[in-house]
There are 2 protein chains.
Amino acid sequence: MSKRSEIISISKQLIYSKGYQATAISDILTTANIGKGQFYHYFSSKHDLGLAVVEDLVQKWDQKIIIDIFHSSIEPEEKLNIMLDRTIAFHTDNKSGCPMGNLAIEMSEHDEAFRLKIKHYFDRFIKAIELCLDEMIKRGQLDSTTNSEKSAQAMVALIEGGILLAKNQQDINFLKNVIDIIREQYKLT
Amino acid sequence: MSKRSEIISISKQLIYSKGYQATAISDILTTANIGKGQFYHYFSSKHDLGLAVVEDLVQKWDQKIIIDIFHSSIEPEEKLNIMLDRTIAFHTDNKSGCPMGNLAIEMSEHDEAFRLKIKHYFDRFIKAIELCLDEMIKRGQLDSTTNSEKSAQAMVALIEGGILLAKNQQDINFLKNVIDIIREQYKLT
DNA sequence: AAAATTGTACCTAATAGTAGGTACAAAGTA
DNA sequence: TACTTTGTACCTACTATTAGGTACAATTTT
């Protein structure tokens, strides 16, 4: 792993837990055990690093969720099931919430560059679920009156909201319950 | 309005839009047009102010949502409907998201005092919805197999997630769509 | 007068960012 | 082969600014 990606990786962890604004360059320098010169050799500013972190985050989640699961050749209901399983797995013993959701809330209003990168991920996530639901409707697994677009948005909202509640309550069951509701709703085993 | 509540009110707006950490005391002093002595006369620290702001926030929402709506004598399905209407109304032309949700995400992990105050609100909100759903089940308006506790959690999660998406997408329709889904699900007119 | 307010000047620690340099390997040149 | 150049990687020390917070005198209120 190059020094640059190492810095991104460490910063990603810190920003995930503390937020972008609350993460100081000095935190990163200490954790990564590097000097300032090195940092500013690879990144032109804190903002530049922040965007690199989000980009990395988006790219990795895109790979893990959209490419690996939704673009695979398994059955649509199985895709949703696996995605939900992985969501629970990720948030079990992880009290920092959703990396994307946290930044969405922190940065969307005042930083357009951050906002758009995060939006890009949510767009793709919602679209992937929507196509899944469409396929399930086509196969008669779901009521044909189901509005797949709205439903996909709602599913993402449920997940994000469930993660938010679980973080605030410090209780993963809030997320599990919400995911149970999704499974019931869309008749996933 | 006392000077203290005036400072809280102004800080609440700033913290709502920028977040707690990103709001500087100097922002507050400038906006409120007061000096430092005055600020530190009323609050012992920024953290002290922050907690006062959350307390105020919790208390006002408790009044607006739980007392005014859920503790009123109107029909349960009408309570939910009004709550959903007000949610949309609040977030129309308001790009900062959910005051409580924003702070939940920003503060829950690293500040227990903040976390507990916010948790208190979510607990009461969820409980109020749960009792509403129980009443609707009792009246035969909802399937008797409905798990009111889980459903109430899911409803709050949907709302919070919908607000998060609407904020990131800068499009209130994400919240509206999510609320449509809630209304369909619980057969609210 | 006494007590409660409030403004001004200031303190220290921390912030992002810069200046100016070193170490060293790769590439070009004699 | 030996010498020189050049570019990349990195470090330490510094700057300017801002942060939260304090001291205390001046003013208002009771």
Side-chain angles (χ1 to χ4, degrees), chain A residues 1-57 102-103 106-115 117, chain B residues 1-57 102-103 106-115 117:
Chain A
M1 187 158 59
S2 77
K3 204 75 205 175
R4 195 187 128 98
S5 1
E6 199 185 301
I7 295 172
I8 289 178
S9 173
I10 282 167
S11 306
K12 196 166 54 172
Q13 304 267 66
L14 287 168
I15 291 174
Y16 172 38
S17 169
K18 306 175 63 168
Y20 170 76
Q21 321 223 41
T23 300
I25 305 279
S26 60
D27 292 339
I28 295 164
L29 303 184
T30 307
T31 312
N33 203 32
I34 56 169
K36 277 215 165 172
Q38 194 164 5
F39 179 88
Y40 283 98
H41 174 68
Y42 291 107
F43 305 97
S44 64
S45 65
K46 185 187 176 184
H47 191 250
D48 182 35
L49 165 80
L51 290 179
V53 165
V54 179
E55 220 156 283
D56 186 87
L57 210 52
N102 293 355
L103 284 171
E106 183 183 359
M107 306 303 287
S108 289
E109 185 177 353
H110 300 286
D111 196 306
E112 190 68 1
F114 272 79
R115 195 198 127 235
K117 284 190 194 298
Chain B
M1 185 155 63
S2 78
K3 203 76 205 175
R4 195 186 129 97
S5 2
E6 199 186 300
I7 296 173
I8 289 179
S9 174
I10 281 167
S11 305
K12 195 165 57 173
Q13 302 268 66
L14 288 168
I15 290 174
Y16 172 38
S17 169
K18 306 176 62 168
Y20 169 76
Q21 321 222 42
T23 300
I25 304 281
S26 60
D27 291 339
I28 295 164
L29 302 184
T30 307
T31 312
N33 203 32
I34 56 169
K36 279 213 164 173
Q38 197 164 3
F39 179 89
Y40 282 99
H41 175 68
Y42 291 108
F43 305 98
S44 64
S45 65
K46 184 187 177 183
H47 190 249
D48 181 35
L49 165 79
L51 290 179
V53 165
V54 179
E55 221 156 282
D56 187 86
L57 210 51
N102 293 355
L103 283 170
E106 183 183 359
M107 306 302 287
S108 289
E109 186 177 354
H110 300 287
D111 196 306
E112 192 66 1
F114 270 80
R115 194 198 129 236
K117 284 190 196 295

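Every chain is numbered from 1 and lettered A, B, ... according to where its sequence line falls, protein lines coming before strand lines.
- Cation-pi geometry between B/Lys46 and B/Tyr20 is met: the NZ or CZ atom falls under 6.0 Å from the ring centre, inside 45° of the normal.
- A/Ile15 is not listed as a side-chain neighbour of A/Leu57, based on a closest heavy-atom distance of 4.5 Å or more.
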Tabulate protein N/O versus nucleotide N/O from nucleotides 18-24 of chain D, keeping only pairs under 3.5 Å, one per line.
unit_1	atom_1	unit_2	atom_2	d
D/dA19	OP2	B/Ser26	OG	3.4
D/dG20	OP1	B/Lys46	NZ	3.2
D/dG20	OP2	B/Ile25	N	2.9
D/dG20	N7	B/Lys36	NZ	3.0
D/dG21	OP2	B/Tyr40	OH	3.1
D/dG21	OP2	B/Lys46	N	2.8
D/dG21	N7	B/Lys36	NZ	2.6
D/dG21	O6	B/Lys36	NZ	2.5

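- Between the CZ atom of A/Phe43 and the P atom of D/dT8 there is a distance of 17 Å, given to the nearest Å.
- Residues B/Ile8 and B/Phe43 have side chains in contact (heavy-atom distance under 4.5 Å, counting atoms from C-beta outward).
- OP1 or OP2 of C/dG7 sits under 4.0 Å from a side-chain N or O of B/Gln38.
- For the pair A/Ile25/A/Tyr40, a side-chain contact is recorded, criterion being any heavy-atom separation below 4.5 Å from C-beta on.
- Within the 3.5 Å criterion, the main-chain N or O of A/Ser26 finds a donor-acceptor partner in the side chain of A/Thr30.
- The shortest distance between side-chain heavy atoms of B/Glu55 and B/Lys117 falls below 4.5 Å.
- Between the CG atom of A/Asn33 and the P atom of D/dC10 there is a distance of 12 Å, rounded to whole Å.
- One interatomic measurement links the two molecules: NE2 of A/His41 to C1' of C/dG17, which rounds to 17 Å at whole-angstrom precision.
- One can place OH of A/Tyr42 at 19 Å from C1' of C/dG17, the figure rounded to the nearest angstrom.
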